[in-house]
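Step one of this worksheet: look at the structure below.
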Amino acid sequence: MLDQSTICAISTSPGMGAIAVIRLSGSEAIAIADKSFRSPNKNKKLAEQLPNTLHFGQFINEQEIIDEVVVALFKAPHSFTGEDIVEISCHGSTFIQQKILEVLIGNGARMALPGEFTQRAFLNGKMDLSQAEAVADVIASSNAAAHKLAINQMRGGFSKEIGALREQLLHFTAMVELELDFSEEDVEFADRRELRNLTERIERLLRKLKNSFQLGNAIKNGIPVAIVGETNVGKSTLLNALLNEDKAIVSDIHGTTRDVIEDVVNIHGTAFRFFDTAGIRETSDHIENLGIERSYSKLEQATVVLLVVDTNNPFPLVKSRIDKIRERISPGQTLIIVANKIDSGLRDTMQLLEVVDLADHEKIVFVAAKQKENLDELIDHMVRSINIDTVEQDVIVTNARHYEILKHAHEAILRVLDGLDTGITGDFLSQDIRECLHYLSEITGEISNYEVLGHIFKNFCIGK
Ligand SMILES: Nc1nc2c(ncn2[C@@H]2O[C@H](COP(=O)(O)OP(=O)(O)OP(=O)(O)O)[C@@H](O)[C@H]2O)c(=O)[nH]1
Ligand SMILES: [Mg+2]
């Protein structure tokens, strides 16, 4: 059920600015604006103007001039919300903005709820739910990669992928359910091998989408990079160099950092979230041990692990540190060995590190964090390890709600695969497939309830 009232809100950011935009949407939008709009020749009516036009005039309250404004007109269904929209651009004084809003409410509009413009766009079929959600992400995007993902999703990239999945699932149910209609005759229309192939294809797609969330989430909030290593190897010095500020305390005392220090930097259009951790060593200090446990947990959560080693140490010692961390690296993580202090390092250690065997997901760079020497190469490896090309080509899930739904859908499809293996009857198969379809509809919003919608849109700002 669609609320028919005409809503209004300030759509530009709160506070003073050169100009501000106040937006009205609903069937009465133009009539409400007309009550306070006065054109230079005094007799122009907005209601009689063509859509997609701009009109200069005064915004008045009874006879008082509030401001000189430019009004933009859009008519249903060709507008963002699918309803009549009036956008009033005024001077950006907070007093003027508030005054115009008050007058519009006095004329019969009501204040919009957070995200209500976008919610109406969704309810009027201008976009599906995943696209509507992307509108918030586009507004919030703070780096090039997150922006790219959000724009792609807003333009329907993700919806297309879900649509293709639904097609395949519907094809599957059609095959199985035809068989059910003729169940008394004991025929098998659906070729089980074909069904299996199809199910496997769907499973792969769902798995890929589900797994993409880790990267998607990382891009949105900053790729997690853990800086780990022994005490005193220069982890905090490296963090400060990467952030270009003295964020962490640096000293030659072992065990200086005892808790995780975190900050985000934008590098070449990608946000990286660095975690400087407590140096790993054997110690009986209880607090320090708690810090070391946190270092390991940050290591597990990171997409990129920077293992800092001190080239002043003999090679066998350094090598054993590297091997110890290698055991903790899981698939999908990149390990960059940062051989630090090359300004004063042992020649032997450095030479042997140069020729150390590296796996595909491993890199080594030689730096002097204190002198900021060779950090470019390190940054280069980090940027390349997240492979920005994937971001451009593939659909990547960035939204936690979508991820939760995809997890359920994936479980349902695994049950179908299982069912095909154990030879369960078509009606059970079709039940799981229907469940899977149901979940996908929740992503695009074909199936939604007011509680879910309310929850999604309440996180928007007012005016969007
Ligand atoms: N010569 C030289 N010294 C460095 C370099 N990087 C760091 N240091 C010194 O190494 C010492 C330890 O540096 P930190 O950054 O505090 O080391 P850490 O790994 O954070 O140590 P903990 O917090 O105790 O685990 C400091 O005295 C730094 O100035 C470098 O590239 N060259
Ligand atoms: Mg430190």
Side-chain angles (χ1 to χ4, degrees), residues 224-265 267 272-302 304-326 328-329 335-354 356 363-382:
V225 181
I227 306 176
V228 300
E230 297 280 299
T231 53
N232 223 36
V233 291
K235 298 180 296 300
S236 299
T237 310
L238 181 65
L239 174 83
N240 291 346
L242 289 166
L243 298 181
N244 240 329
E245 70 170 269
D246 286 338
K247 174 104 182 175
I249 298 172
V250 165
S251 85
D252 56 5
I253 302 165
H254 287 257
T256 303
T257 310
R258 293 186 156 215
D259 204 347
V260 177
I261 299 170
E262 172 183 346
D263 212 339
V264 182
V265 222
I267 300 176
F272 287 91
R273 184 174 289 270
F274 289 103
F275 297 93
D276 176 26
T277 64
I280 295 164
R281 66 165 171 175
E282 291 296 328
T283 169
S284 56
D285 186 313
H286 179 60
I287 305 290
E288 196 177 343
N289 271 320
L290 288 178
I292 293 172
E293 268 172 45
R294 288 194 183 176
S295 306
Y296 281 124
S297 100
K298 282 299 159 204
L299 188 159
E300 273 166 28
Q301 293 159 19
V304 180
V305 176
L306 302 185
L307 167 62
V308 185
V309 294
D310 187 341
T311 51
N312 286 294
N313 289 324
F315 178 75
L317 187 71
V318 171
K319 179 70 169 50
S320 80
R321 303 303 183 217
I322 294 173
D323 289 339
K324 221 165 96 190
I325 292 296
R326 273 177 167 158
R328 291 182 177 260
I329 298 291
L335 172 66
I336 302 178
I337 300 161
V338 184
N340 191 27
K341 309 194 189 180
I342 52 169
D343 54 300
S344 59
L346 299 174
R347 178 188 295 245
D348 256 17
T349 302
M350 293 195 276
Q351 278 176 348
L352 288 166
L353 275 173
E354 295 253 18
V356 92
K363 292 279 175 298
I364 188 161
V365 282
F366 294 83
V367 307
K370 194 173 172 182
Q371 288 79 4
K372 299 194 178 180
E373 210 174 294
N374 217 17
L375 294 184
D376 284 349
E377 193 185 335
L378 171 60
I379 285 168
D380 217 44
H381 281 310
M382 281 187 331

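Note that ligands are numbered from 1 as they come in the structure, with each ligand's atoms numbered from 1 the same way.
- With rounding to the nearest 0.5 angstrom, the OG1 atom of Thr311 is 12.0 Å from the CG atom of Asp348.
- Atoms of ligand 1 found under 4.0 Å from any heavy atom of Lys370, numbered from 1 in the order shown, are 3 (N), 4 (C), 5 (C), 6 (N), 29 (O), 30 (C), 31 (O), 32 (N).
- When each atom of ligand 1 is checked for a heavy atom of Gly279 under 4.0 Å away, the hits are 25 (O).
- Ser295 and Ala278 get closest at one heavy-atom pair: OG-O, 2.9 Å.
- Among protein heavy atoms, atom 17 (O) of ligand 1 sits closest to Gly234 N, 3.1 Å.
- Between Leu306 and the choices Leu239, Leu335, Ile337, Leu238, the side-chain contact (heavy atoms from CB on, under 4.5 Å) rule is met once, by Leu238.
- Remark: Leu290 CG is packed, more than 12 non-hydrogen atoms of other residues, nucleotides or ligands lying under 6.0 Å away.
- Taking only nitrogen or oxygen atoms, main chain and side chain alike, Asp276 does not reach within less than 3.5 Å of ligand 1.
- The line from CG of Asn340 to CG of Asn313 is 11.0 Å long, rounded to the nearest 0.5 Å.
- For Lys298 against Ala226, the heavy-atom pair with the smallest separation is O-CB, 3.8 Å.
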Assess the residue pair Asn244 and Lys372 against the criterion (side-chain hydrogen bond (donor to acceptor under 3.5 Å, both in side chains)); give the C-alpha distance rounded to whole Å, side-chain angles, the decisive distance to 0.1 Å, and a yes or no.
CA-CA 10 Å; Asn244 240 329; Lys372 299 194 178 180; 2.9 Å; yes
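- The backbone N or O of Asp252 sits nowhere less than 3.5 Å from a side-chain atom of Thr256 that would complete a donor-acceptor pair.
- The CG atom of Leu307 sits 5.5 Å away from atom CD1 of Ile325, with the distance rounded to the nearest 0.5 Å.
- The closest side-chain heavy-atom distance from Thr349 to Val309 is not below 4.5 Å.
- For atom 8 (N) of ligand 1, the closest heavy atom belonging to the protein is Lys341 CE, 3.6 Å.
- In terms of polar-atom proximity, defined here as any N/O pair under 3.5 Å, Thr277 makes no such contact with ligand 1.
- Close approach of ligand 1 to Asp252 (heavy-atom distance below 4.0 Å) involves ligand atoms 27 (O).
- Closest protein heavy atom to atom 21 (O) of ligand 1: Asn232 N, 3.0 Å.
- Between Val367 and ligand 1, a contact under 3.5 Å exists for no N or O pair.
- For ligand 1, the polar-atom distance check against Ala369 finds a nitrogen or oxygen pair separated by under 3.5 Å.
- Scanning the protein heavy atoms around atom 1 (N) of ligand 1, the nearest turns out to be Asp343 OD2, 2.8 Å.
- Taking a cut-off of under 4.0 Å to the non-hydrogen atoms of Ala368, the atoms of ligand 1 that pass are 31 (O).
- Between His254 and ligand 1, a contact under 3.5 Å exists for no N or O pair.
- Residue Thr256 has at least one N or O atom closer than 3.5 Å to an N or O atom of ligand 1.
- Taking a cut-off of under 4.0 Å to the non-hydrogen atoms of Ser236, the atoms of ligand 1 that pass are 15 (O), 18 (P), 20 (O).
- By the criterion of a heavy-atom distance under 4.0 Å, the backbone of Ser251, and not its side chain, is placed next to ligand 1.
- Leu353 is listed as a side-chain neighbour of Phe366, based on a closest heavy-atom distance under 4.5 Å.
- For the side-chain hydrogen bond (donor to acceptor under 3.5 Å, both in side chains) test with Glu230, the passing option among His254, Arg321, Arg281 is Arg321; the others fail.
- Close approach of ligand 1 to Gly255 is summarised as follows: ligand atoms under 4.0 Å from at least one heavy atom of the residue are 24 (O).
- Backbone or side-chain N, O or S atoms of Ser236 reach the Mg ion (ligand 2) at under 2.8 Å.
- The closest side-chain heavy-atom distance from Lys235 to Thr257 is not below 4.5 Å.
- At the top of the distance list for atom 18 (P) of ligand 1, counting protein heavy atoms only, stands Lys235 N, 3.5 Å.
- For ligand 1, the atoms closer than 4.0 angstrom to any heavy atom of Ser344 are 1 (N).
- One option in Asn340, Thr237, Val308, Val228 has a heavy atom closer to atom 15 (O) of ligand 1 than any other, and that option is Thr237.
- Taking 4.0 Å as the cut-off between side-chain N and carboxylate O, Lys247 and Asp276 do not count as a salt-bridged pair.
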Begin with the C-alpha distance, continue with both residues' side-chain angles, and end with the deciding distance and a verdict on side-chain contact (heavy atoms from CB on, under 4.5 Å) for Leu352 and Val318.
CA-CA 10 Å; Leu352 288 166; Val318 171; over 6 Å; no
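- Thr257 lies close to the Mg ion (ligand 2), since one of its N, O or S atoms is found at a distance under 2.8 Å.
- Residue Ile253 places a heavy atom under 4.0 Å from ligand 1.
- Close contacts between ligand 1 and Gln371 involve ligand atoms 30 (C), 31 (O), 32 (N) [criterion: under 4.0 Å to a heavy atom].
- Distances between N or O atoms of Ile249 and those of ligand 1 include no value under 3.5 Å.
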